[in-house]
Amino acid sequence: MPDKSKIIYLLVIFCAIAAFPFLYNSMSTPVNAKIQLNTPVIDAMTVKQCIVPKEEMRRDHMKILNRWRDEVVRDSHREFGSIDGVMYEKSLQRTCMHCHSNKSEFCDRCHAYASVDVYCWDCHLAPKENKP
Amino acid sequence: MSIGRRQFLKAAGVTGLLGLVGSPLLKIFAPGELEASSEFREGAALTARRWSLVVDMKGFPTVESYTKCIEACYNAHNIPHMDNEKHEVKWIWPETYEHAFPDNYDVYLSENIESMTFLILCNHCDNPPCVRVCPTKATFKREDGIVAMDYHRCIGCRFCMAACPYGARSFNWRDPRPFIKNLNPLYPTRTKGVVEKCNFCAERLSRGEHPACVEASEGALVFGDLKDKDSNVRNILRTKFAITRKPDRGTLPRVYYIIGGS
Amino acid sequence: MIEKALSGNKFYWAWVCFLLAVIAVGVASYIRQFHYGLGITGMSRDVSWGFYIAQFTFFVGVAASAVMVVMPYYLHNFKRFGRITILGEFLAIPAVVMCMLFIFVDMGQPTRILNVILYYTPNSIMFWDMVALSGYLTINVLVGWTTLSAQQKSVPPPKWVKPLIYLSIPWAFSIHTVTAFLYAGLPARHFWLSAIMAARFLASAFAGGPALLVILCIIIKRITKFDPGEKAVKGLVTIVTYALIVNIFFVGLELFTALYSQVPGHMQTFKYLYFGLGGHGKLIPLMWFSTFLAISAVVLLLVPATRTNQITLLFACASVHISLWFDKGFGFVIGGFVPNPLEKVTEYWPTLNELLVTTGIWSIGLLILTALYKIAISVKVELEA
């Protein structure tokens with residue numbers, strides 16, 4: 001086997017490349033995934049309730065947003081009936097971000113943790129945050 | 001869960017529509033009134049079977065008279081002022097008769113027409129070529145006749161720009177955000193690589209407001225339902241001679257121009 | 001068979017490395033474009049398609065031209081082309097790949113390109129173009145590869161290939177027809193609104209593609225042990241000659257309709273391309289150069305002495321290819337946008353970054369062509385040895 005050394009050499013390189021993501025993650029500081037819910041609007045609410053139950057929102061918010069997107073843009077259906085009977089507009093900028101006006105603490109933190117790169121903000125504007 | 005919500009929405013839509021058909025008196029909110037709250041008013045939307053716009057040239061005697069319409073649109077929709085003319089984004093803009101109606105131009109036309117400035121925009125055609133050519137249905141025609149765009153879906157192939165006989169479409173050749181003068185925080189911007197154009201203020205109609213340019217025009221722009229024979233636009237078109245841009249292309253443009261006379 | 005592309009002399013590897021280097025520059029330029037946006041090109045609000053789409057249009061023609069060797073051989077039993085059908089099919093493959101890449105680099109939102117399938121829209125010609133191109137690529141890969149590997153093993157090709165070969169003939173016509181329909185159905189652009197567009201596209205394709213094949217055959221004869229055959233080349237030259245004359249005739253028809261009718265919309269682009277419009281005329285030299293090349297090529301191809309001499313023949317075929325490249329790969333698409341729908345003139349000229357992306361795509365095409373031709377020729381040479 002004249003190629004034996006070559007094989008071992010390449011095998012080591014392969015293992016190094018394959019193991020790199022794990023090594024990289026184990027050495028970098030973990031991202032804090034805890035999201036911040038306190039904003040002036042939410043703090044002022046007597047019943048702190050999102051448009052759908054928290055668990056559903058946590059699991060399905062991307063699906064809801066995708067569905068809203070099509071319904072608003074393509075079918076002009078902008079009204080959303082919420083669980084407490086209040087009528088909300090299906091709007092990321094006007095509804096979601098009205099309460100959750102802290103994009104960096106609310107959206108970005110979890111997305112960074114999950115390594116999700118959303119393109120919402122390429123077009124949609126996030127509320128101005130007063131960063132320290 | 002989602003079926004229930006859909007049914008609910010359908011019901012909401014129908015009641016909204018009925019509410020409108022029943023009463024011609026619509027509440028027009030003052031600008032800024034809605035910005036204060038994010039609560040949505042059910043049934044406030046303005047609806048029609050076929051939206052159309054009449055441009056009465058009598059109402060545009062000065063530069064100021066049309067500039068304020070353009071400004072209103074640009075501020076409402078976060079339209080950038082690109083520094084490179086080749087990258088311009090335009091939804092509604094001024095042109096001379098020669099360029100707005102090139103097929104009808106003649107050097108011996110009245111001086112009056114030569115000096116006029118025409119506001120031009122997407123014609124929201126009844127038979128829109130841009131919709132026909134779009135490979136993803138990113139440009140589509142709504143039931144109320146508005147030729148709308150889904151910027152989430154646009155792949156930026158620019159087939160629609162080649163197909164539009166009115167030059168009404170603009171492409172985002174680069175990120176437009178740095179070039180937007182006054183950011184409206186309640187409306188999105190666009191991203192680089194998508195086409196955009198006038199949307200007849202679909203977002204304002206849904207809130208019961210007239211298009212931004214119409215509101216700013218002080219009566220020079222008339223917006224209404226072409227399929228309603230008693231509507232404001234039909235009443236004007238019945239009594240005054242109006243023209244459309246390039247009618248020979250078979251696109252059935254729905255923006256009408258009234259030039260002089262009464 | 002693929003191993004044959006992995007062994008070669010140092011000239012072969014030097015050529016491959018050169019192509020890879022140009023591709024690397026192209027990829028880097030594309031990454032730059034991806035981050036900045038298409039504003040890095042010379043395109044504008046008024047001339048919203050440029051070099052990329054023009055090159056796409058041109059290479060659809062090169063791809064379709066494979067039918068000019070496939071059809072005589074399989075349909076009319078024209079034996080002389082037996083040695084070069086594989087060269088035609090293997091030319092179509094990189095040509096289609098280049099078409100797809102040119103479309104891809106022209107997209108404003110390339111990451112969303114699969115929306116064309118996800119939200120398929122049959123009323124858009126773009127949808128049919130995707131169907132036509134991907135189908136044609138599949139057919140040519142399947143047919144080329146299986147017939148060649150059957151030849152290598154000295155067995156007849158499997159039975160299912162025959163229907164595919166017959167299918168490839170109308171399919172080749174369809175890809176260029178559909179490409180013409182992209183333009184010819186637009187109410188906005190007088191220059192493109194012409195019923196003869198698809199026919200003209202096919203004529204120019206059947207001149208330009210086989211002309212390239214003639215050049216490739218001569219090069220192959222020079223640098224490899226494989227001889228495509230004098231007779232095959234002669235057959236190709238005949239096709240080039242008549243297709244070129246038909247193409248010039250079709251251009252003449254366009255000019256007559258525009259200039260005799262005097263309808264302004266129909267005349268303006270011709271004016272712009274050949275004489276300039278409102279003081280703008282960046283394309284004038286290119287268009288006249290293209291005209292000059294086309295006419296001199298006709299003369300060289302019709303005169304027996306220059307047609308049979310290899311040097312003048314090479315010159316003639318290069319003239320055909322370059323002439324059509326300027327005409328279809330540049331003037332045709334840019335011209336359609338001038339003047340704009342408001343009858344204003346904005347000119348277009350490609351930028352350096354745009355040209356680097358373009359040369360990168362050409363190099364990808366050439367690399368695929370090199371590898372495929374290396375395989376085909378190695379197999380043929382082995383069989384003849």
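Numbers restart at 1 for each chain; the letters A, B, ... are given by sequence-line order, proteins then strands.
- Both the backbone and the side chain of C:Met43 have a heavy atom closer than 4.5 Å to some heavy atom of chain B.
- The greatest number of non-hydrogen atom pairs below 4.5 Å with chain B, out of C:Gly37, C:Ser124, C:Pro264, is found for C:Ser124.
- The parts of C:Asp106 that come within reach of chain B are both its backbone and its side chain, each placing non-hydrogen atoms under 4.5 angstrom from that chain.
- Counting heavy-atom neighbours within 6.0 Å of C:Gln262 CD, excluding the residue itself, gives a total above 12.
- Taken from CE in C:Met107 to CD1 in B:Ile155, the straight-line distance is 4.5 Å, to the nearest 0.5 Å.
- Distance check, rounded to the nearest 0.5 Å: OG1 of B:Thr136 to CD of C:Gln109 gives 11.0 Å.
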Discussion item. Assess the residue pair B:Phe159 and C:Leu182 against the criterion (side-chain contact (heavy atoms from CB on, under 4.5 Å)); give the C-alpha distance rounded to whole Å, side-chain angles, the decisive distance to 0.1 Å, and a yes or no.
Written reply: CA-CA 8 Å; B:Phe159 204 178; C:Leu182 286 176; 3.7 Å; yes
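- For a residue to count as touching a neighbouring chain, one of its non-hydrogen atoms must lie under 4.5 Å from one of that chain's; by this rule C:Asn115 touches chain B with backbone and side chain alike.
- By number of non-hydrogen pairs under 4.5 angstrom with chain C, the leading residue of B:Lys137, B:His99, B:Lys86 is B:His99.
- Residues C:Trp192 and B:Ala162 share a closest heavy-atom pair of CZ3-CB, 4.2 Å.
- For C:Glu347, the part lying under 4.5 angstrom from a heavy atom of chain B is the backbone only.
- Of the two parts of B:Ala138, neither the backbone nor the side chain holds a non-hydrogen atom closer than 4.5 Å to a non-hydrogen atom of chain C.
- Contacts between C:Ser48 and chain B at a heavy-atom distance below 4.5 Å involve backbone atoms as well as side-chain atoms.
- Distance check: C:Thr121 OG1 to B:Phe140 CZ gives 12.0 Å after rounding to the nearest 0.5 Å.
- Both the sub-6.0 Å distance and the 45° axial angle are not jointly satisfied by C:Arg45 relative to the ring of B:Phe171.
- The minimum heavy-atom distance between C:Arg112 and B:Thr191, with the atom names listed, is NH2-CG2, 4.3 Å.
- Without hydrogens or angle criteria, B:Arg158 side chain to C:Trp49 main chain gives no donor-acceptor distance under 3.5 Å.
- Atom CZ in B:Arg245 sits 5.5 Å away from atom CG in C:Leu342 (nearest 0.5 Å).
- No more than 12 heavy atoms of other residues, nucleotides or ligands sit less than 6.0 Å from atom CD of B:Glu143.
- Remark: the backbone N or O of C:Pro187 is paired with a side-chain donor or acceptor of B:Arg249 at under 3.5 angstrom.
- C:Tyr36 touches chain B through backbone and side chain together, each having a heavy atom under 4.5 Å away.
- The 12-atom threshold is exceeded at NZ of C:Lys282, counting heavy atoms of other residues, nucleotides or ligands nearer than 6.0 Å.
- The greatest number of non-hydrogen atom pairs below 4.5 Å with chain C, out of B:Gly167, B:Ala168, B:Gly250, is found for B:Gly167.
- There is no contact between C:Tyr183 and chain B, counting heavy-atom distances below 4.5 Å.
- Only the side chain of B:Asp103 comes within less than 4.5 Å of a heavy atom of chain C; its backbone N, CA, C and O stay farther away.
- Between the B:Arg132 side chain and the C:Ile125 main chain, no donor and acceptor come within less than 3.5 Å of each other.
- Chain C forms more heavy-atom pairs under 4.5 Å with one residue of B:Lys90, B:His87, B:Glu88 than with any other, namely B:Lys90.
- In this structure, C:Phe181 places its CZ atom where only 12 or fewer heavy-atom neighbours from other residues, nucleotides or ligands lie under 6.0 Å away.
- One finds no salt bridge joining B:Glu98 and C:Lys344 here, because no Lys/Arg side-chain nitrogen approaches an Asp/Glu carboxylate oxygen to under 4.0 Å.
- Of the listed residues C:Gly265, C:Gly42, C:Ser44, C:Pro110, the one with more heavy-atom pairs under 4.5 angstrom with chain B than any other is C:Ser44.
- Annotation for B:Pro102 and C:Pro341: closest pair CG-O, 3.8 Å, computed over non-hydrogen atoms.
- Of the two parts of B:Val131, only the backbone, made up of N, CA, C and O, holds a non-hydrogen atom closer than 4.5 Å to a non-hydrogen atom of chain C.
- Contact of B:Lys246 with chain C is made through the side chain alone, with heavy-atom distances under 4.5 Å.
- Here the straight-line distance linking atom NZ of B:Lys192 with atom CZ of C:Phe34 works out to 6.5 Å at 0.5 Å rounding.
- For chain C, the nearby part of B:Cys164 is the backbone; its heavy atoms alone come within less than 4.5 Å.
- Counting all heavy atoms, side chain and backbone alike, B:Pro135 lies closest to C:Met126 at CB-CB, 3.6 Å.
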